[in-house]
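This report refers to the structure that appears directly beneath it.
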Amino acid sequence: LIMLGFDVLYHNMKHGQISTKELADFVRERATIEEAYSRSMTKLAKSASNYSQLGTFAPVWDVFKTSTEKLANCHLDLVRKLQELIKEVQKYGEEQVKSHKKTKEEVAGTLEAVQTIQSITQALQKSKESYNAKCVEQERLKKEGATQREIEKAAVKSKKATDTYKLYVEKYALAKADFEQKMTETAQKFQDIEETHLIHIKEIIGSLSNAIKEIHLQIGQVHEEFINNMANTTVESLIQKFAESKGTGKERPGKMINSARKHFKISHIVTNIFALKFIFCIFSRDGVSPC
């Protein structure tokens with residue numbers, strides 16, 4: 001159990017390196033997703049230029065294109081921020097490795113104390129069992145009326161077991177004091193390392209949250225701009241743009257119409273005169289005719 005406690009604290013410190021690496025992997029994967037999304041949005045913005053430019057709806061595609069391009073840039077900005085954050089996490093990971101290596105050297109004495117008390121504890125337990133066995137054996141021989149020689153021999157063994165037991169009790173007391181002092185210092189060291197690690201990790205996560213928050217605010221502004229642009233793109237303005245792009249001129253065709261009407265009237269009079277003359281010639285062919 002003593003060794004287990006030290007191992008738990010030591011390996012928990014080492015697990016900090018794993019969590020740092022996994023955090024870097026997570027941010028890297030998020031950056032990959034954001035980059036892919038940005039490329040897709042850029043592609044979508046370009047496709048808007050290929051849509052039909054005919055009809056009154058055509059100008060709306062420009063609004064879509066501009067908004068989509070801005071959204072793509074927002075996500076690309078987030079990619080850059082995440083890449084900078086990945087560098088920061090990796091740098092921290094490298095510092096972690098150096099710090100943990102130094103800590104391992106510093107707690108080597110504690111590990112030795114753990115191993116010592118563990119070894120002495122096992123020896124103490126064995127000496128105690130031997131002491132109890134020898135005492136029981138000596139008492140049994142006395143009760144059963146064994147010879148004095150056998151009793152004295154058992155007493156010698158019992159005294160030897162007692163001395164060994166006392167020796168390990170003393171060793172255990174010294175080892176225990178040394179272990180408790182070193183383990184207390186080491187446990188505090190591990191706690192300080194863990195607290196520092198968690199504080200740094202939380203700061204990194206805070207930077208991640210702020211980066212995402214800033215981009216979401218920018219995205220919100222783009223959406224708000226899109227809403228305003230669409231609100232300003234009225235039916236009347238779309239029709240006006242269409243008329244301006246397809247119209248043949250701004251001058252009213254009044255003079256041309258009046259000229260055409262005048263020409264039509266003259267032609268009509270001339271035609272009527274020729275028609276009357278033709279009829280007159282037909283009915284007057286036996287008499288004197290002006291034809």
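In this text, all values refer to a predicted model and were calculated from it rather than measured experimentally.
For the pair M230 and I227, the minimum side-chain heavy-atom distance is 4.5 Å or more. Side-chain contact check for M183 versus L9: some heavy-atom pair is nearer than 4.5 Å. Side-chain atoms of F179 and T110, non-hydrogen and from C-beta on, never get closer than 4.5 Å to each other. The side-chain heavy atoms of K126 and S130, taken from C-beta on, include no pair separated by under 4.5 Å. Residues H100 and I193 meet the side-chain proximity criterion, which asks for heavy atoms closer than 4.5 Å. Looking at K98 and K102, their side chains never come closer than 4.5 Å, going by heavy atoms from C-beta outward.
In the hydrophobic clustering of ILVMFWY residues, with side-chain heavy atoms under 4.5 Å counting as a link, L23 and M13 come out apart. Tracing side-chain contacts under 4.5 Å through hydrophobic residues (I, L, V, M, F, W, Y), one reaches Y168 starting from Y172; they form part of the same cluster. Criterion: ILVMFWY side-chain heavy atoms under 4.5 Å apart, direct or through other members. Under it, F226 and V222 are not part of a common hydrophobic cluster. Residue I205 is not grouped with residue I33 when hydrophobic side chains (ILVMFWY) are merged at heavy-atom distances under 4.5 angstrom, including chains of intermediate members. Put simply, L76 and L71 are part of two different groups of oily side chains (I, L, V, M, F, W, Y) that touch within less than 4.5 Å, one to the next.
A donor-acceptor contact shorter than 3.5 Å links the side chain of T186 to the backbone of K182. A distance-only check finds a donor-acceptor pair linking the side chain of S47 to the backbone of L44 [under 3.5 Å]. Here the side chain of N210 pairs a donor or acceptor atom with the backbone of G206 at under 3.5 angstrom. The closest donor-acceptor contact from the side chain of S119 to the backbone of Q115 lies at 3.5 Å or more, if one exists at all.
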Subject >> Stepwise side chain to side chain donor-acceptor pair (under 3.5 Å) test for Q188 and D192 >> reply: CA-CA 6 Å; Q188 185 62 52; D192 293 342; 3.0 Å; yes
Original post:
Would E84 and K87 count as a salt bridge (charged side-chain N to carboxylate O under 4.0 Å, His left out) if you check the C-alpha gap in whole Å, the side-chain angles of each, and the deciding distance to 0.1 Å?
Top reply: CA-CA 5 Å; E84 290 298 320; K87 292 179 182 178; 3.8 Å; yes
Subject >> Intermediate values then yes/no, side-chain contact (heavy atoms from CB on, under 4.5 Å), C135 and N132 >> reply: CA-CA 5 Å; C135 289; N132 289 332; 5.8 Å; no
Subject >> Pair I215-K81, side-chain contact (heavy atoms from CB on, under 4.5 Å): steps then yes or no >> reply: CA-CA 10 Å; I215 295 303; K81 293 178 183 293; 4.2 Å; yes
Subject >> Evaluation steps, salt bridge (charged side-chain N to carboxylate O under 4.0 Å, His left out), between D163 and K159 >> reply: CA-CA 6 Å; D163 292 342; K159 184 178 183 305; 3.2 Å; yes
Original post:
Checking salt bridge (charged side-chain N to carboxylate O under 4.0 Å, His left out) for the pair R140/E144: CA distance, chi angles, key distance, verdict?
Top reply: CA-CA 6 Å; R140 184 185 66 78; E144 292 179 356; 2.7 Å; yes
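Atom-to-atom distance recorded for T42:OG1 and R39:CZ is 9.5 Å, nearest 0.5 angstrom. Note that the NE2 atom of H200 and the CD atom of E95 stand 7.0 Å from one another [nearest 0.5 Å]. With values rounded to the nearest 0.5 angstrom, E194 atom CD is found 4.5 Å from N12 atom CG. Annotation: the span from S67 atom OG to I219 atom CD1 amounts to 10.5 Å, rounded to 0.5 Å. Note that the OH atom of Y92 and the CD atom of E203 stand 9.5 Å from one another [nearest 0.5 Å]. Here the CG atom belonging to L208 is positioned 4.0 Å from the CD1 atom belonging to I212, to the nearest 0.5 angstrom.
The environment of Y37 atom OH is sparse: at most 12 non-hydrogen atoms of other residues, nucleotides or ligands sit within 6.0 angstrom. In E112, the CD atom is not crowded: 12 or fewer heavy atoms of neighbouring residues, nucleotides or ligands sit closer than 6.0 Å.
The two residues A161 and K134 come nearest to each other via the heavy atoms CB-CG, 3.7 Å. The two residues L78 and R30 have their closest heavy-atom pair at CD2-NH2, 4.3 Å. A45 and K65 make their closest contact through O-CG, 3.4 Å (heavy atoms, listed as atom of the first residue, atom of the second, distance). Here the shortest heavy-atom pairing between T68 and M41 reads CG2-O, 3.2 Å. Residue E35 comes nearest to V79 through the heavy atom pair N-CG2, 3.4 Å, listed as atom of the first residue, atom of the second, then distance. Heavy atoms only, all atoms of each residue included: A24 and V89 are closest at CB-CG1, 3.7 Å.
D77 pairs in a side-chain contact (heavy atoms from CB on, under 4.5 Å) with only one of the listed residues (Q218, E34, E214), which is Q218. Under the side chain to side chain donor-acceptor pair (under 3.5 Å) rule, Q96 has a single partner from K91, H197, Q17, which is H197.
Both tests do not hold together for K128 against Y131: distance to the six-membered ring centre under 6.0 Å, angle to the ring axis within 45°.
Side-chain polar atoms of E195 and Q191 form a donor-acceptor pair below 3.5 angstrom. K189 and T103 are not linked by any side-chain donor-acceptor pair at a separation below 3.5 angstrom, with hydrogens and angles left out of the test.
Using a cutoff of 4.0 Å between basic side-chain nitrogens and carboxylate oxygens, E180 and K176 are scored as salt-bridged.
Aromatic ring orientation, F6 versus Y10: parallel (interplanar angle below 30°, classes split at 30° and 60°).
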